[in-house]
Q: 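I'd like to ask you about the structure that follows.
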There are 2 protein chains.
Amino acid sequence: MTSIKQIAKEVGASVSTVSRALNGYHDVNPKTREKVIEAARNLNYFPSSAARSLVTKRTYMIGLFFGDNVNSGFEDPFFQKVLSAIRELVGDAGYDLLVFTNKNKERATYTTLCRERGVDGTILILTGREKQVNSQLTDLQNSGIPCVAIDVPLEGDRCTYVESDNFLGMKKAVSYLAGLGHRQIAFIGGDEVSKISLDRLNGYRSGLNDAGISYDPDLIEMGYYAKEYAELAVKNILKKNKKVTAFVCASDVMAFAAIETLQEEGCSVPGEASVIGFDDVNEAAGYHIPLTTVKQNKEEIGRAATEQLLKIIEDPALSPSPIMIPCELIVRQSAAEAPKKT
Amino acid sequence: MTSIKQIAKEVGASVSTVSRALNGYHDVNPKTREKVIEAARNLNYFPSSAARSLVTKRTYMIGLFFGDNVNSGFEDPFFQKVLSAIRELVGDAGYDLLVFTNKNKERATYTTLCRERGVDGTILILTGREKQVNSQLTDLQNSGIPCVAIDVPLEGDRCTYVESDNFLGMKKAVSYLAGLGHRQIAFIGGDEVSKISLDRLNGYRSGLNDAGISYDPDLIEMGYYAKEYAELAVKNILKKNKKVTAFVCASDVMAFAAIETLQEEGCSVPGEASVIGFDDVNEAAGYHIPLTTVKQNKEEIGRAATEQLLKIIEDPALSPSPIMIPCELIVRQSAAEAPKKT
DNA sequence: GTTTATTACAAAAACGTTTTTGGAAAACAA
DNA sequence: TTGTTTTCCAAAAACGTTTTTGTAATAAAC
């Protein structure tokens, strides 16, 4: 590594002058600046970000945490797109992305890890189903570290979150089904704890309500966003209620699982049963029965999260508020008119 | 940030003693060590990695570069799995992952970016189709920065690369088709420049050769790993040669495109034409015609790359050699016996 | 009871930057 | 001329660590 000292020696100036020349300060003679820049170029100089950040307190790194859920992270079909958007915007703004992966820190928390690396801000990509993370989250909320979470309610001085309008999204799906004549609409939910799951459930109930359909707990099962559990959920509902004609699912993977299970049980989709998913992942359109689903605007979520974070970083006084991104019902072929009663 | 100084003041010791106590040196009294650790815990102390790395020359960060290709990065279905494996192993080894995304550096190169951030090593995820990157690559090769590339031949003192056995993989596909009676086997290649594309082409030719089939340039088209180009390629081949009964493609996306195009042209798959892909992406198994394809062992590629990189970092004397990961033919339903001649 | 080893600590230098402060030289004003 | 700006630069402190070197105080050896 060539340092600022070597440049100083090269051009016969002091270290401070070189620094000021390189950083475009006004009180340096154009000629010396030229010489400095020339020398820097020749010596292939680039400033050590560690040394710099030690004094400036800025690293131009954005931290990234993934939930410990297996699907979370690079492989999750939903988060991929969110990530791409984040990557894009963060890069445009002149930051690099630090993905926290180190597993050898015993007592580390989100906060300590951020402080240790000195990231300027951080993005949390969680599912809301992580365990024993709550104390860490409140800790982070109070830390003053600029931070925005995705899908998980996080509010503080310099903290906020971004999510889809899960309530309205799910409501749209149910209203659509009701419009097609369905009255027995089952709900394959995510889980019983996370905000997004609860919002989707409430959207479902609100949709039923608007359509004048009474809520039947027998039609509710949780699928935990996993294929296996979703299959079980569908089977359970079929056992309890033979008359169900539609399934609305809290994710596309669960919708795929539902369709497969229904077909295995000899029930055609969408002829005898309609299925609607949530997310609109890549596979949804090309699925053998193109999936009708509630699309989450993933790019927009990533974009909003990044922009918000950058704003929080820029302006210490800003007190941010949560951002909600609209969902859109994508009509394809997995939901159709309710079968006529026989 | 609470610093080592504050701990020193707290316990009435010198800065150096605190440092040595925390780092487990032997020449510190057990009692003072206890006090120091206690204080560190109470003050919620974590060492500034910037300050530390300034003197130790280690950051415990692994750099990550993505090719500028659109598909490259978080969204590429192939690299996702590679990435997951990298993430896992890097984390186990006590490193974090620095994704280079900053676009505001004018004259930056791989090498300068690595030096600037001080990463201990770096992984290159490229496609081999990046433009004007060659000089940067040779620069990196000579830099002495530990580095392993994926799919792109990179060799140097502390540089190497990992790739699938593309030659043998493609050869297996062709041999399989030949075994099914196909004689007119078209090849939808990747591109004309990258090593992996060339290796796959050579595997194709070798497969033909072994089966006693002569090579026909009319059956070769490039699809540039993109849906649109692959469609064009298939149409061109159909124009030139009506008798072709099989298509082997250098990627799954191109295979999907081929199947769709064939069906549009009124040619049933696998009845009238067989199609084999390459990669075995997630969608392959669930595709409406489950795709027969050459599976790249993505997790293994990521694992090998990471392990190799860590070894290079550990041992400055090690001169690494390239690693080749075997491919496996996954037989599903998109390839069948050649139709009888009519 | 002196010499030698051992134990436990502190002081200071170093890493590569930025930033603050101060001041000489040059330019301008009177 | 003298006084006052302005222009340009250097010295030094600071950021938070690690590491090297030195040295008291204590323990062991004879």
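In what follows, every chain begins at residue 1, and chains take the letters A, B, ... in the order their sequences are listed.
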Q: If we check side-chain contact (heavy atoms from CB on, under 4.5 Å) with A:C159, which of these qualifies: A:L154, A:L137, A:L309?
A: A:L154
Q: Can you check nucleotides 19-24 of chain C for protein contacts, nitrogen or oxygen pairs under 3.5 Å, and list what you find?
A:
residue	atom	partner	partner atom	Å
C:dT19	OP2	A:Y25	OH	2.8

Q: Base, sugar-phosphate alone, or nothing: which one does B:S49 contact when heavy atoms must sit under 4.0 Å apart?
A: nothing
Q: What is the separation between atom CG on A:N29 and atom C1' on D:dC9, rounded to the nearest whole Å?
A: 10 Å
Q: I'd like to know if the side chain of B:Y60 pairs up with that of A:R117 as donor and acceptor (distance under 3.5 Å, no hydrogens or angles considered).
A: no
Q: Check whether B:T101 reaches the backbone of A:E88 with its side chain - one donor and one acceptor, N or O, closer than 3.5 Å.
A: no
Q: Less than 4.5 Å apart, any side-chain heavy atom of B:P322 and any of B:E163?
A: no
Q: If only atom types and distance count, is the side chain of A:S143 paired as donor or acceptor with the main-chain N or O of A:L140 below 3.5 Å?
A: yes
Q: Do side-chain atoms of A:R33 reach the backbone of A:Y25 as a donor and acceptor pair under 3.5 angstrom?
A: yes
Q: In whole angstrom, give the distance that lies between atom CZ of A:R52 and atom P of C:dT17.
A: 8 Å
Q: Contacts to DNA chain D from residues 104-120 of chain A, heavy-atom cutoff under 4.0 Å, which residues?
A: none
Q: Using a heavy-atom cut-off of 4.0 Å across all strands, would you classify B:A50 as base, sugar-phosphate, or nothing?
A: nothing
Q: Remember a base hit wins even if backbone is also touched, and classify A:T32 as base, sugar-phosphate or nothing at under 4.0 Å, heavy atoms.
A: sugar-phosphate
Q: Write down the distance between NZ (A:K9) and C1' (D:dC9), rounded to a whole number of angstrom.
A: 19 Å
Q: Rounded off to whole Å, could you give me the CD-to-C1' distance for the A:E34 and D:dC9 pair?
A: 18 Å
Q: Just N and O in the side chain of B:S48: are any of them under 4.0 Å from OP1 or OP2 of D:dC15?
A: no
Q: Nearest whole angstrom, please: distance from the C1' of D:dC15 to the CG of A:L54.
A: 4 Å
